[in-house]
There are 2 protein chains.
Amino acid sequence: MYVSSQFTDQGQNGRPGTSPATLGWSPAGLSRSTPPAPRRDEALALAALDGAATTLCVEKDRTIFVEGDRAEFCYRILGGTVRMVKQMADGRRHVTGFLLAGELVGLDAMDRHDLTAETVMSTTLTRYKRAAVEALADRDPIVARRLRLLAAGELRAAHERMVLLGRRTASERLAHFLLEMEARAPRGGCGRVVLPMGRADIADHLGLTPETVCRLLTCLRHEGTIGTGRAVDGAEVTILDPRALAALASDPRH
Amino acid sequence: MYVSSQFTDQGQNGRPGTSPATLGWSPAGLSRSTPPAPRRDEALALAALDGAATTLCVEKDRTIFVEGDRAEFCYRILGGTVRMVKQMADGRRHVTGFLLAGELVGLDAMDRHDLTAETVMSTTLTRYKRAAVEALADRDPIVARRLRLLAAGELRAAHERMVLLGRRTASERLAHFLLEMEARAPRGGCGRVVLPMGRADIADHLGLTPETVCRLLTCLRHEGTIGTGRAVDGAEVTILDPRALAALASDPRH
DNA sequence: CGAACTATTGAACTAGGTCAAACCCAGTGG
DNA sequence: CCACTGGGTTTGACCTAGTTCAATAGTTCG
């Protein structure tokens, strides 16, 4: 209904030109300290659904689904970036996370989505019927277990984020964000982080204002901790002094 | 091991005198806007484990388990209050939530707990082997589905909390907290909220300082929005003007 | 080239934090 | 029964991290 009208449906053969590094499962927003997430088997398990899957292309800044929508589908990102948003009535916004290629969107829903999913840039994704996933889980305890694990991983990330939002300073937040993005980037992200999202998105993700994000970035640049430039899809940050950045991020325990 | 040494183990017949309002499942930290959580069936499902369950009494301010501990058990609170804590190396702390009678603790773990559970007051709980729960879930898709639903509920609450921590003002946070506690209180909590936790706990839950919590409470009292007093277990707040409080809390959408 | 964005920088302001003192009990011991 | 002690709570005075407002500088697109 609502959703399909915004998509360019390519049918199940419309594979995009970009081939993301990994199409295996990896829980969204998982931080570095989390034990390595399961991959291989689930990819296999989900393969059982590929017959019913549809591939979609969505352009920049479109809505995939809205908070409150009946959760009919979930998605896997083939290429691109998605932001998960929680909106307040008065316009204040929080970006609960960014999802990258290979990650899953909208799997953590009950009856209805509780977050809005929007594309940060032109994005390609595979769509699965949630009902089919649920059915698969009912049939196969292994899949069910993986789903639970996935949820647990997201919950863990969410807890981490609460500490970040509730107790960390602005620079700690930004440092943490840069390191997280670097860790999540496709292999070989040796100090290079591409930030496809704008300053406002980052700000809304970190509970800051765009101005503060800017200022902190300039500050880090002046201190020689990072370098900035522009990549094909969005700004690029080069981490020049990982030690300094890590010191700033100063993780809770570990 | 670590855990059992701090407990007064009553064995499985050592039922406590207090009989909490509901022993059914209810996802922890679920906010009012969330659709009513499933109850009856899960209580039945878990009953299958009651043979292996142990009832424990833990006094005030003890640790039930620590972040990083191998997650051998999970618990259901019979009576009392538990706080879930995330600690930073430098002492900064975040309380991700408070768990009340009837709610479950430590079910959302992967291999290890990612939160520390501490008693806010003298608390009685039932302990289940996680492995048994997992096994039950593997055997029974219904249980598995409930577990997923439970996790989704917590995730939802976590997202709500991120908005709260990242975008809401101090007074909005406090108002929201009071209303949430009132909604979660055992039936008939007509405007009366018992707060068994100290100001510091509330502050760490809301990303504020104890001083700010205090000031805001006094402020609300002076405005005639609430009244304060002391109950048997902890401070008590009476909500005199629910409208004003709700206006302050001003929920996102809805 | 100009419109419309987004990013950057500056200056002034404030919500909350910090520090420190006063209060208010619940125990406890004389 | 009452003073004493030790913990949390309140209150006050002051301060700063981060916001707000506003102006400038790139960028993208038509």
Would you call [X] and [Y] a salt bridge, taking side-chain N to carboxylate O under 4.0 Å as the test?
{"X": "A:Lys86", "Y": "A:Asp114", "result": "yes"}
{"X": "B:Glu103", "Y": "B:Arg76", "result": "no"}
{"X": "B:Glu172", "Y": "A:Arg92", "result": "yes"}

**Study point:** side chain to side chain donor-acceptor pair (under 3.5 Å) partners for A:Thr228, two or more places apart
**Key:**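 By the side chain to side chain donor-acceptor pair (under 3.5 Å) rule, A:Thr228 matches A:Arg221.
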Length of the line joining [X]:[atom1] and [N]:[atom2], which is rounded to integer Å:
{"X": "A:Ile202", "N": "C:dT8", "atom1": "CD1", "atom2": "P", "answer": "9 Å"}
{"X": "B:Leu206", "N": "C:dA15", "atom1": "CG", "atom2": "C1'", "answer": "16 Å"}
{"X": "A:Leu208", "N": "D:dT20", "atom1": "CG", "atom2": "P", "answer": "11 Å"}
{"X": "B:Asp204", "N": "D:dT9", "atom1": "CG", "atom2": "P", "answer": "12 Å"}
{"X": "B:Lys60", "N": "D:dG7", "atom1": "NZ", "atom2": "P", "answer": "13 Å"}
{"X": "A:Arg168", "N": "D:dG18", "atom1": "CZ", "atom2": "P", "answer": "13 Å"}
{"X": "A:Leu165", "N": "D:dG18", "atom1": "CG", "atom2": "P", "answer": "13 Å"}
{"X": "A:Arg199", "N": "C:dC5", "atom1": "CZ", "atom2": "C1'", "answer": "14 Å"}

When the side chains of residues 205-215 of chain B are checked against the rest of the protein, which donor-acceptor pairs come out under 3.5 Å, sequence neighbours left out?
{"unit_1": "B:His205", "atom_1": "ND1", "unit_2": "B:Val95", "atom_2": "O", "d": "2.7"}
{"unit_1": "B:His205", "atom_1": "NE2", "unit_2": "B:Arg161", "atom_2": "NH1", "d": "3.4"}
{"unit_1": "B:His205", "atom_1": "NE2", "unit_2": "B:Arg161", "atom_2": "NH2", "d": "3.1"}
{"unit_1": "B:Thr209", "atom_1": "OG1", "unit_2": "B:Thr212", "atom_2": "N", "d": "3.3"}
{"unit_1": "B:Thr209", "atom_1": "OG1", "unit_2": "B:Thr212", "atom_2": "OG1", "d": "2.9"}

Practice item. Tell me what B:Gly234 touches on the nucleic acid: a base, only sugar-phosphate, or nothing, going by heavy atoms under 4.0 Å. Key: nothing
Practice item. For A:Gly198 and for A:Arg167, locate the closest nucleotide of DNA chain C by heavy-atom distance; then report the residue assigned to the nucleotide nearer the 5' terminus. Key: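 Whichever sits nearer the 5' end wins; that is A:Gly198.
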Review point. Which residues, if any, of residues 209-232 of chain B bring a heavy atom under 4.0 Å of DNA chain D?
Key: B:Glu211, B:Cys214, B:Arg215, B:Thr218
**Study point:** Partner of B:Leu78 by side-chain contact (heavy atoms from CB on, under 4.5 Å), out of B:Leu56, B:Thr55, B:Leu125, B:Thr123
**Key:** B:Thr55
Check your understanding: Do A:Leu195 and A:Met181 pass the side chain to side chain contact (heavy atoms under 4.5 Å, CB included) test, and can you show the C-alpha distance, the side-chain angles, and the key distance before you say yes or no?
Key -> CA-CA 8 Å; A:Leu195 302 177; A:Met181 286 305 280; 4.2 Å; yes
**Study point:** salt bridge (Lys or Arg N to Asp or Glu O under 4.0 Å) contacts touching residues 193-207 of chain A (sequence neighbours left out)
**Key:**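 Listed once each, the pairs are A:Arg83-A:Asp201, A:Arg93-A:Asp201, A:Arg93-A:Asp204, A:Asp204-B:Arg167.
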Check your understanding: So what's the dot-bracket for DNA chain C: Watson-Crick or G-U pairs under 3.5 Å, [ ] if a pair crosses, | if it pairs off-strand?
Key -> ||||||||||||||||||||||||||||||
Point to revise | Which residues share a side chain to side chain contact (heavy atoms under 4.5 Å, CB included) with B:Ala244, sequence neighbours left out | key: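 Testing B:Ala244 for side chain to side chain contact (heavy atoms under 4.5 Å, CB included), a comparison that skips the adjacent residues, returns B:Thr225, B:Asp241.
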